[in-house]
Amino acid sequence: MAEMRDFQDAVSGWASGGPGGSASDLAARLGVRTAVLLEGPSDLAAVEALAARRGRDLAAEGVCVVSMGGAMSVGRYAGLLGPPGLGLHLAGLCDEREQRFFDRGLQRAQAPRRGIFVCAADLEDELIRALGTAKVEEIVRTEGDLRAWQTFLHQPAQHARPRQQQLRRFLGTKKGRKIRYGRLLVEALDPEQVPTPLDDLLTSL
C-alpha cells in the first residue's frame with residue numbers, strides 16, 4: 001500500500017509538470033494495470049472504503065486510485081496514464097455535469113470510455129439518496145457534528161432547500177468533511193444500497 005501511495009504521489013507530480021520517470025518505474029515494479037480517475041479526495045475515500053468492505057486490496061490487484069483535483073484535469077491524467085503514456089487501462093467516476101470533460105479527455109487520449117461511470121449529481125448525492133436523509137443525519141449526530149449541522153440549517157439560504165440538498169451542501173462546508181463522510185457514508189450502506197455508479201465501478205475493476 002505504501003508503494004502505491006508513492007506511485008500516486010509520483011503521478012500527481014508528473015501531472016503538475018514534473019518528470020515522469022519515477023511514476024513509470026513504480027508502475028512497472030508494482031504491476032499497475034489500471035488507473036481509476038476520480039475528481040477529488042472524497043471520491044477516493046469512498047472508493048477505497050467500498051473496496052475494503054468487499055475484502056479487496058486494490059493495490060495488490062494492480063489498481064491505482066487517483067484523485068485528480070478536479071474533472072478538468074482528466075485530459076492530462078488520461079494522456080499520462082492511458083495509451084499515450086503508461087498504457088494503463090483507465091476507469092473512473094464523474095459527476096453528470098463534468099461528463100463532458102471526461103469524454104473529451106479520454107477521446108484525446110484514445111482511451112475507451114466504457115470504464116467511466118456517471119453520478120446523477122455527485123457521489124455525495126448518490127450516497128445520501130441511497131441511505132436516506134434520516135440515516136445521514138444520524139451519522140452526523142454520531143460524529144459530533146450536530147451543533148454545526150443545526151447552525152447550518154439556520155442559515156437563510158438553506159430554508160427553502162430540500163433536506164437532501166441541505167445535507168449535500170453541509171458536507172462541503174468545512175475542509176476535510178467531504179473526505180471523512182465519503183468513507184463514513186459508504187461504511188453505513190447495506191450491501192444492496194450501494195449506488196449503481198459506485199457498484200459498477202468496483203465490479204469493473
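Using modelled atom types and a 3.5 Å distance limit, the side chains of Arg104 and Gln107 yield no donor-acceptor pair.
Using a 4.5 Å heavy-atom cutoff, the side chains of Glu124 and Asp43 are in contact. Counting only heavy atoms from C-beta outward, the side chains of Leu198 and Leu50 approach each other to under 4.5 Å. Side-chain contact between Leu106 and Pro112: absent, with no pair of heavy atoms (C-beta onward) separated by less than 4.5 Å. Val11 is not listed as a side-chain neighbour of Cys64, based on a closest heavy-atom distance of 4.5 Å or more. With contacts defined as side-chain heavy-atom distances shorter than 4.5 Å, the pair Leu167/Trp149 qualifies. Proximity of Leu81 to Leu37: side-chain heavy atoms (C-beta onward) are separated by under 4.5 Å at one or more points.
Side chain of Glu39 to backbone of Asp95: a donor-acceptor contact under 3.5 angstrom is found. With hydrogens and angles ignored, the 3.5 Å screen pairs a side-chain donor or acceptor of Ser12 with a backbone N or O of Gln8. In this structure, Glu137 contributes its side chain and Ala134 its backbone to no donor-acceptor pair below 3.5 Å. In this structure, the side chain of Glu61 does not engage the main chain of Arg56 through any donor-acceptor pair within 3.5 Å. Distance alone, capped at 3.5 Å, places no donor-acceptor pair between the Arg54 side chain and the Thr203 backbone. No donor-acceptor distance shorter than 3.5 angstrom exists from the side chain of Arg177 to the backbone of Leu171, with no hydrogens or angles considered. Checked by atom type and distance alone, the side chain of Asp57 pairs as donor or acceptor with a backbone atom of Ala59 at under 3.5 Å.
Using a 4.0 Å cut-off between charged nitrogen and carboxylate oxygen, Asp25 and Arg29 do not count as a salt-bridge pair. Between Lys135 and Glu138 there is a salt bridge, with a side-chain nitrogen of the basic residue lying less than 4.0 Å from a carboxylate oxygen of the acidic one.
Within a 6.0 Å sphere centred on CD of Gln155, heavy atoms belonging to other residues, nucleotides or ligands number more than 12.
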Full working for side chain to side chain contact (heavy atoms under 4.5 Å, CB included) between Thr151 and His154: CA-CA 5 Å; Thr151 299; His154 281 99; 5.7 Å; no

Intermediate values then yes/no, side chain to side chain contact (heavy atoms under 4.5 Å, CB included), Val65 and Leu58: CA-CA 8 Å; Val65 186; Leu58 295 181; 3.8 Å; yes

From CA spacing to verdict: salt bridge (Lys or Arg N to Asp or Glu O under 4.0 Å), Arg183, Glu143: CA-CA 12 Å; Arg183 174 180 57 81; Glu143 289 299 303; 5.9 Å; no

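In terms of heavy-atom proximity, Leu86 sits nearest to Ala23 at CD1-O, 4.3 Å. Closest of all the heavy-atom pairs between Phe170 and Asp145 is CZ-O, 4.0 Å. What you find for Gly40 and Ser67 is that their closest heavy atoms are C-OG, 3.2 Å.
Exactly one of Gln164, Gln158, His159 qualifies for a side-chain hydrogen bond (donor to acceptor under 3.5 Å, both in side chains) with Arg161. That residue is Gln158.
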